[in-house]
K.L.:
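One structure follows; several queries about it will come next.
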Amino acid sequence: MSAPTPPSAPDRDTYDPAAVEAIWHARWQERGTHRTDLSGANPFFQLMMFPYPSAEGLHVGNLYAFTGNDIHGRFQRLKGHTVFQPLGFDAFGIHSENYALKVGVHPMELIPRNVANFRRQLDRAGLMVDWRYAVDTTRPDYYKWTQWVFLQLYKQGLAYRKSAAVNWCPSCKTVLANEQVESGNCERCGTEVTQRVLEQWFCRISEYAPRLLGNLDRLDWSETTKQAQRNWIGRSEGAHLLFPVTDPRTDAGAATVADVPDGEPDDDTITVFTTRPDTVFGATYLVLAPEHPLVDVITTPERRAAVEAYRVRTAQQDLVSRKVTKEKTGAFTGAYAINPATQRPIPVWIADYVLMEYGTGAIMAVPGHDERDFAFAQVFGLPIVRVVAGDGEDARTPLAEAFHGEGRLVNSARFDGLRVDEAKGRIVEWLASRKAARAVTNYRLHDWCISRQRYWGPPIPILYCDACGVVPVPEAQLPVVLPNIPDYRPDDSGVSPLARHEEWYHVPCPRCGAVARRETDVSDTFLDSAWYFLRYPSADRDDVPFDAARTRHWLPVTSYIGGNEHAVLHLLYARFVTMVLHDAGLVPFEEPFATFRAHGLIIREGAKMSKSKGNVITPDALIEQWGADTFRTYLMFLGAFEEGGDYRDSGIVGVRRFLDRVWASAAACTRDGAPDGAPDGAPDAGVLRKLHATIKKVGEDIPRLSYNTAIAAMMEYVNALRAGERIPHHDEVRPLVSLLAPFAPHLAEALHERLGGTGSVMDAGWPAFDPALLVEDEAEIVVQVAGKVRGKVRVPRHAGQDAVAAAALADPAIAKFVNGTPKKLVYVPGRLLNVVP
RNA sequence: GUCGGCAUGGCGGAACUGGCAGACGCGCAGGACUUAGGAUCCUGUUCCGAAAGGAGUGUGGGUUCGACCCCCACUGCCGACACCA
């Protein structure tokens, strides 16, 4: 098996991509072809997701996404828009930091190097980027404004501190993200990961959940992305139910607590969230999250030791395995609470399968109708009661597993016989009238933790003063510059390395002048990327994060195309930050991205690309071998852009042959003595019709990102152009060059010039097609008999059903399938006739 | 487990609202030009069949004059989330 090689021997007048591309890179640079006039009319903001500039350099996944954006942006420019297509670098974060530690080069040295390499590669690929507006999240002139964004959140009361657990690797002495924990162990050193509880900064994104969800219906986004966000926000309708705790020492039975208290949750009332209030009669025990504050209050002395032991055990477990392990464990608190429906006391347990961060951190367990509660009840021998019966079942039908389906209530006193959906409302109403329930909408979305106990990020601009408390750094004092310190390795303290740098750590309090301490956590990289699109048009401005007039002119983003791996986090945080800035009167819109399209993933020979498999494609080598235009076009030819593609080494030669043929066609029609090679010196009518059909098709395919079919259409046209070794006419080739420009911009520039064009092909406009040329005089009608194709007939364009039927039956090859008079004729004008015998 | 996506020739993939399945490309076969070709050009290429014809879009059913496309049930692969009450 050998990889195909490009056609060789550049003698005479053949396509030499390396030469062409070098010439045009230089000219684009000289002429400023890729510069956007920001005051230009008809603005079109084409945004692509900025990359993390890794040391390995650009990978095909990046290039696939960028090329898809570039084609769209170039097309919009050809269509007459002023296109702004900036790019930048998302270079902060734990990934860079770990890599820097590994190779022993300081990130402040490493990142600029990587960025320079990325720019070189991106330019080599022919992207239409105006680098004057590039952003780099690690530069103080950018993160000054990231810190400013944080302060806006703080001012609105949307940034706050609370303690939360983080994963901690005792060996690496560092905080780990959930994805860096592999089955309970650190992904780098394999040490068992533990939990630490630290004070951290959070953003109240959960407060925006209803708006973030509601707006989705109005956004022109890929449906898959919107659905992912809906699931992530996770709205669920249910109820809070109140279970008063009884004191077993004073209450002999249920009677004394039968009178429901005032309904306000107090020290000895457990509030649970449930989406199945209809099953409350089957709630045979309660479970609290081990961290639930009421645990301390209600645990009985006899059970305290066991409960504490269980809480310690849970606290030590890393965050990932706690959620992944399905085996049920728990401890009985010794306390009982009154089921507000049955009035009977039920035991209160703690278990790690109940999460403090969701709902109220407490559940009513209905083992008959919830798998988790069922499993738990089985382990601990707790009662399982059926309260819903499906078809053919009754109150006594035994439960081999939790029953989830439709059905009617049983064992539920006066609610017996109601359907599940009716019962939900009725039971909540009933309990509400006794002040034991309230209908509630709950969201899964939890607040966004932006603290990172690391070095490589923007310092959170907060000071702690013994006298004044928490003090935000005044905006005039921004940026809080990340100091260039040689020792940025995290240590055992769990506090950022920044805390070790006295001269940075201690500063005067801006309010009272006393010595204050800096916040030493840096912020999440998702904060950097949550507003970068606002910065681009104003990237040259030092005085403001984003200029009001430019923002009004360019935003919201016209078209955003990116990977669905950012469907939830990045895109949701960006929407949230934009909404907050809108509420503060700082931007005139609340949704940042008018349209968003998710592109697919690129794989290699049917398998995912990975370093361990050794099947990673290196763009540099392929561009070297085939040329950037061929590589770009091939990437887009692999499959539908929104579906992704399978990169096969063997196919690229086909695209190269196509571009060779385009070059040869342009060469042939400009050669001395042969500019008008067709016999009568005019373009061929058939070729011209095909040309106009191709202009139409390519112009329709590009906006719907159907790049592969657009390329196929151009290939078809080139085949028609050259069929039978005919010499193409000048006017047949020139429009093709424009159609090809978004895909193969260097080649298009060269041929545009060669065919007598002036300036850049990008400013020469998009060819128009003549609809009149597309209609044919005769139509070919497919003839079916009983739904099977039996032949075709040619008829005049507007022939009616009878004429077509007559023509069809006159054809013996068709007529032989029809005995006697047809029962029915189905005629689709201009396309098809179905004869039903 | 839940949510989403996908399943079409030897291969990557087309087929827009139910109307010629297999566009385009790779590969393969034959031919032309050549001292030569792994360059270029031309022709052919879903399968079975000499042909007439038949079969065919993961599997099983359904709706329809007509289904890759719609409905029901299932299988497999890919992705995201994952004890969310």
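Lettering of chains follows the sequences in order, A, B, ..., and the numbering in each one begins at 1. All values below were derived from every heavy atom in this structure, side-chain atoms included, with hydrogens, water molecules and symmetry-related copies excluded.
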K.L.:
Less than 3.5 Å apart, any donor N or O on the side chain of A/Asp447 or A/Ser206 sitting next to an acceptor on the other?
P.N.:
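Yes, side-chain donor-acceptor contact under 3.5 Å.
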K.L.:
Can you check whether any acceptor in the base of B/rC65 is under 3.5 Å from a donor in the side chain of A/Lys823, or vice versa?
P.N.:
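Absent.
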K.L.:
Which residues satisfy the salt bridge (Lys or Arg N to Asp or Glu O under 4.0 Å) test with A/Glu565, sequence neighbours excluded?
P.N.:
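A/Glu565 satisfies salt bridge (Lys or Arg N to Asp or Glu O under 4.0 Å) with no residue once adjacent residues are dropped.
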K.L.:
Rounding to an integer number of angstrom, what distance separates B/rC28 and B/rU2 when you compare their C1' atoms?
P.N.:
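Each nucleotide's C1' atom is 46 Å from the other's.
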K.L.:
Who pairs with A/His59 by side-chain contact (heavy atoms from CB on, under 4.5 Å), at least two apart in sequence or on another chain?
P.N.:
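With sequence neighbours excluded, A/His59 shows a side-chain contact (heavy atoms from CB on, under 4.5 Å) to A/Asn62, given in chain and number order.
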K.L.:
Measure the distance from OH on A/Tyr634 to C1' on B/rG12 and round it to the nearest whole Å.
P.N.:
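Rounding to the nearest Å, OH of A/Tyr634 and C1' of B/rG12 are 7 Å apart.
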K.L.:
Quantified in whole Å, what is the C1' atom distance between nucleotide B/rC11 and nucleotide B/rC16?
P.N.:
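The answer is 26 Å between these two C1' atoms.
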K.L.:
For A/Arg230, report the nucleic acid contact type (base, sugar-phosphate, nothing); a contact means any heavy atom under 4.0 Å.
P.N.:
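It contacts nothing in the nucleic acid.
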K.L.:
Round to a whole Å and report the spacing from CD of A/Glu327 to C1' of B/rC83.
P.N.:
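These atoms are roughly 11 Å apart.
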K.L.:
Looking at every non-hydrogen atom in both residues, tell me the closest pair between A/Pro277 and A/Met364 and how far apart they are.
P.N.:
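It is CA-CE, 4.4 Å.
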K.L.:
Name all residues meeting the side-chain hydrogen bond (donor to acceptor under 3.5 Å, both in side chains) criterion together with A/Glu406; count only those two or more places apart in sequence or in a different chain, and write none if there are none.
P.N.:
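Here no residue qualifies.
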K.L.:
Answer with base, sugar-phosphate or nothing: what part of the nucleic acid does A/Ala351 contact at a heavy-atom distance below 4.0 Å?
P.N.:
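It contacts nothing in the nucleic acid.
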K.L.:
For A/Asp391, which residues count as a side-chain hydrogen bond (donor to acceptor under 3.5 Å, both in side chains) partner, sequence neighbours excluded?
P.N.:
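side-chain hydrogen bond (donor to acceptor under 3.5 Å, both in side chains) check on A/Asp391 returns nothing, list empty.
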K.L.:
Please collect all salt bridge (Lys or Arg N to Asp or Glu O under 4.0 Å) contacts where either partner lies in residues 347-359 of chain A, sequence neighbours excluded, each pair once.
P.N.:
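As it turns out, the salt bridge (Lys or Arg N to Asp or Glu O under 4.0 Å) pairs with a partner in residues 347-359 of chain A, which skip direct neighbours, are A/Lys323-A/Glu357.
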K.L.:
With a cut-off of under 6.0 Å to the ring centre and 45° to the axis, is A/Lys328 in cation-pi contact with A/Phe380?
P.N.:
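Ring-cation test returns no.
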K.L.:
Can you tell me, in whole Å, how much space there is between the P of B/rC69 and that of B/rG18?
P.N.:
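About 11 Å, rounded to a whole number of Å.
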K.L.:
Which letter, B, S or -, goes with each nucleotide of nucleotides 18-24 of chain B from 5' to 3', with contact meaning a protein heavy atom under 4.0 Å?
P.N.:
-BBS-BB
K.L.:
For the pair A/Asn339 (side chain) and A/Phe281 (backbone), establish whether a donor and an acceptor sit closer than 3.5 Å, ignoring hydrogens and angles.
P.N.:
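A pair under 3.5 Å: no.
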K.L.:
Which side-chain N or O atoms in residues 823-837 of chain A pair as donor and acceptor under 3.5 Å with protein atoms at least two apart or in another chain?
P.N.:
from     : atom 1 : to       : atom 2 : distance (Å)
A/Tyr827 : OH     : A/Ala799 : O      : 3.4
A/Tyr827 : OH     : A/Gly830 : N      : 3.3
A/Asn834 : OD1    : A/Gly787 : N      : 3.1

K.L.:
Which heavy atom in A/Ile71 sits nearest to a heavy atom in A/Met636, and how many Å separate them?
P.N.:
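Looking at all heavy atoms of both residues, the shortest contact is CD1-CG, 3.4 Å.
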K.L.:
Using the C1' atom on both, measure B/rC26 against B/rG62 and round to a whole Å.
P.N.:
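Rounded to whole Å, the distance is 39 Å.
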K.L.:
Rounding to an integer number of Å, can you tell me how far A/Tyr358 OH sits from B/rA82 C1'?
P.N.:
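It works out to 13 Å between those atoms.
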K.L.:
So, is A/Arg661 near the phosphate of B/rC41, with a side-chain N or O under 4.0 Å from OP1 or OP2?
P.N.:
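So the side chain of A/Arg661 is within the cut-off, an N or O lying under 4.0 Å from OP1 or OP2 of B/rC41.
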K.L.:
Output one letter per nucleotide in nucleotides 43-54 of chain B: B when a protein non-hydrogen atom lies under 4.0 Å from the base, S when only the sugar-phosphate is that close, - when neither is.
P.N.:
---------SSS
K.L.:
Taking CZ from A/Phe631 and C1' from B/rG25, how many angstroms apart are they, rounded to a whole number?
P.N.:
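So the two atoms are 17 Å apart, to the nearest Å.
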K.L.:
Indicate the ring-plane relationship of A/Tyr707 and A/Phe641, choosing parallel, tilted or perpendicular according to the 30° and 60° boundaries.
P.N.:
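Because their plane-to-plane angle lies in the 30° to 60° range, the rings of A/Tyr707 and A/Phe641 count as tilted.
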K.L.:
Take atom C1' in B/rC6 and the same atom in B/rU57, then report the distance between them in whole Å.
P.N.:
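To the nearest whole Å, 14 Å.
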K.L.:
What is the distance, to the nearest angstrom, from the CD1 atom on A/Ile727 to the C1' atom on B/rC41?
P.N.:
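The distance from CD1 of A/Ile727 to C1' of B/rC41 comes to 14 Å, rounded to the nearest Å.
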K.L.:
Which class fits the ring pair A/Phe376 and A/Tyr285: parallel under 30°, tilted 30 to 60°, perpendicular over 60°?
P.N.:
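Answer is parallel, since the angle falls under 30°.
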K.L.:
Taking syn as a glycosidic torsion within 90° of 0 and anything else as anti, which one is B/rG9?
P.N.:
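Syn.
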K.L.:
Could you provide the dot-bracket string of RNA chain B, using ( ) for intrastrand pairs, [ ] for crossing pairs and | for bases paired to another strand, with Watson-Crick or G-U pairs below 3.5 Å?
P.N.:
(((((((..(((......[....)))((((((.......))))))(((....)))..(((((..]....))))))))))))....
K.L.:
Say we look at B/rU45 and B/rA23: how far apart would their C1' atoms be, to the nearest angstrom?
P.N.:
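One C1' to the other, the span is 15 Å.
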K.L.:
Could you tell me whether A/Val354 contacts a base, only the sugar-phosphate backbone, or nothing, with contacts defined as non-hydrogen atoms closer than 4.0 Å?
P.N.:
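Base, at least one base atom sits under 4.0 Å.
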K.L.:
Rounded off to whole Å, could you give me the CG-to-P distance for the A/Leu638 and B/rG25 pair?
P.N.:
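Whole-Å distance recorded here is 15 Å.
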K.L.:
If you check every side-chain atom of A/Val653, which of B/rC83, B/rC26, B/rC65 has the closest atom?
P.N.:
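My answer, after comparing the listed nucleotides, is B/rC26.
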K.L.:
May I ask you to check whether over 12 heavy atoms, not counting those of A/Glu223, lie within 6.0 Å of atom CD?
P.N.:
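More than 12 within 6.0 Å, yes.
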K.L.:
Which nucleotide, B/rC26, B/rA85, B/rA82, lies nearest any side-chain atom of A/Lys326?
P.N.:
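For A/Lys326, the side-chain atoms sit closest to B/rA82.
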K.L.:
Testing the basics here: between A/Arg311 and A/Ile350, what is the closest heavy-atom pair and its distance to 0.1 Å?
P.N.:
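So the minimum-distance heavy-atom pair works out to CG-CD1, 3.9 Å.
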K.L.:
Once the angle between the rings of A/Tyr647 and A/Tyr634 is folded into 0 to 90°, is it parallel (under 30°), tilted (30 to 60°) or perpendicular (over 60°)?
P.N.:
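Judged by the thresholds at 30° and 60°, the geometry between A/Tyr647 and A/Tyr634 is perpendicular.
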K.L.:
Quick check for you: among B/rC81, B/rA39, B/rC83, whose closest atom lies nearest to any side-chain atom of A/Leu355?
P.N.:
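That would be B/rC83.
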K.L.:
Rounding to an integer number of Å, can you tell me how far A/Gln378 CD sits from B/rC83 P?
P.N.:
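Going from CD in A/Gln378 over to P in B/rC83 covers 21 Å.
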K.L.:
What's the shortest heavy-atom distance between A/Thr225 and A/Ala598, and which atoms?
P.N.:
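Heavy-atom minimum between the residues: OG1-CB, 3.7 Å.
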K.L.:
Atom pairs, N/O to N/O, protein against nucleotides 4-11 of chain B, distance under 3.5 Å?
P.N.:
none

K.L.:
I'd like the C1' distance from B/rG12 over to B/rG4, given in whole Å.
P.N.:
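Approximately 24 Å lies between the C1' atom of B/rG4 and that of B/rG12.
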K.L.:
Using atom C1' of each nucleotide, how far apart are B/rA15 and B/rA67 to the nearest Å?
P.N.:
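So the two C1' atoms sit 13 Å from each other.
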K.L.:
RNA chain B: A/Ser706 or A/Asp373, which has the more 5' nearest nucleotide?
P.N.:
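Whichever sits nearer the 5' end wins; that is A/Ser706.
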K.L.:
Please check this pair: side chain of A/Arg230 against backbone of A/Leu213, looking for a donor-acceptor N/O pair closer than 3.5 Å.
P.N.:
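Side chain of A/Arg230 to backbone of A/Leu213, a donor-acceptor pair under 3.5 Å: no, none is there.
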K.L.:
Between the protein and nucleotides 73-75 of chain B, are there any N/O to N/O pairs under 3.5 Å, and if so, what are the atom names and distances?
P.N.:
none

K.L.:
Which residues pass the side-chain hydrogen bond (donor to acceptor under 3.5 Å, both in side chains) test with A/Asp421, not counting sequence neighbours?
P.N.:
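Counting only residues at least two positions away or on another chain, A/Asp421 forms a side-chain hydrogen bond (donor to acceptor under 3.5 Å, both in side chains) with A/Arg419.
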K.L.:
Under 4.0 Å between a side-chain N/O of A/Arg704 and OP1 or OP2 of B/rC16, yes or no?
P.N.:
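No, outside the criterion.
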K.L.:
What integer distance in Å separates A/Leu319:CG from B/rC81:C1'?
P.N.:
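It is 17 Å, rounded to the nearest whole Å.
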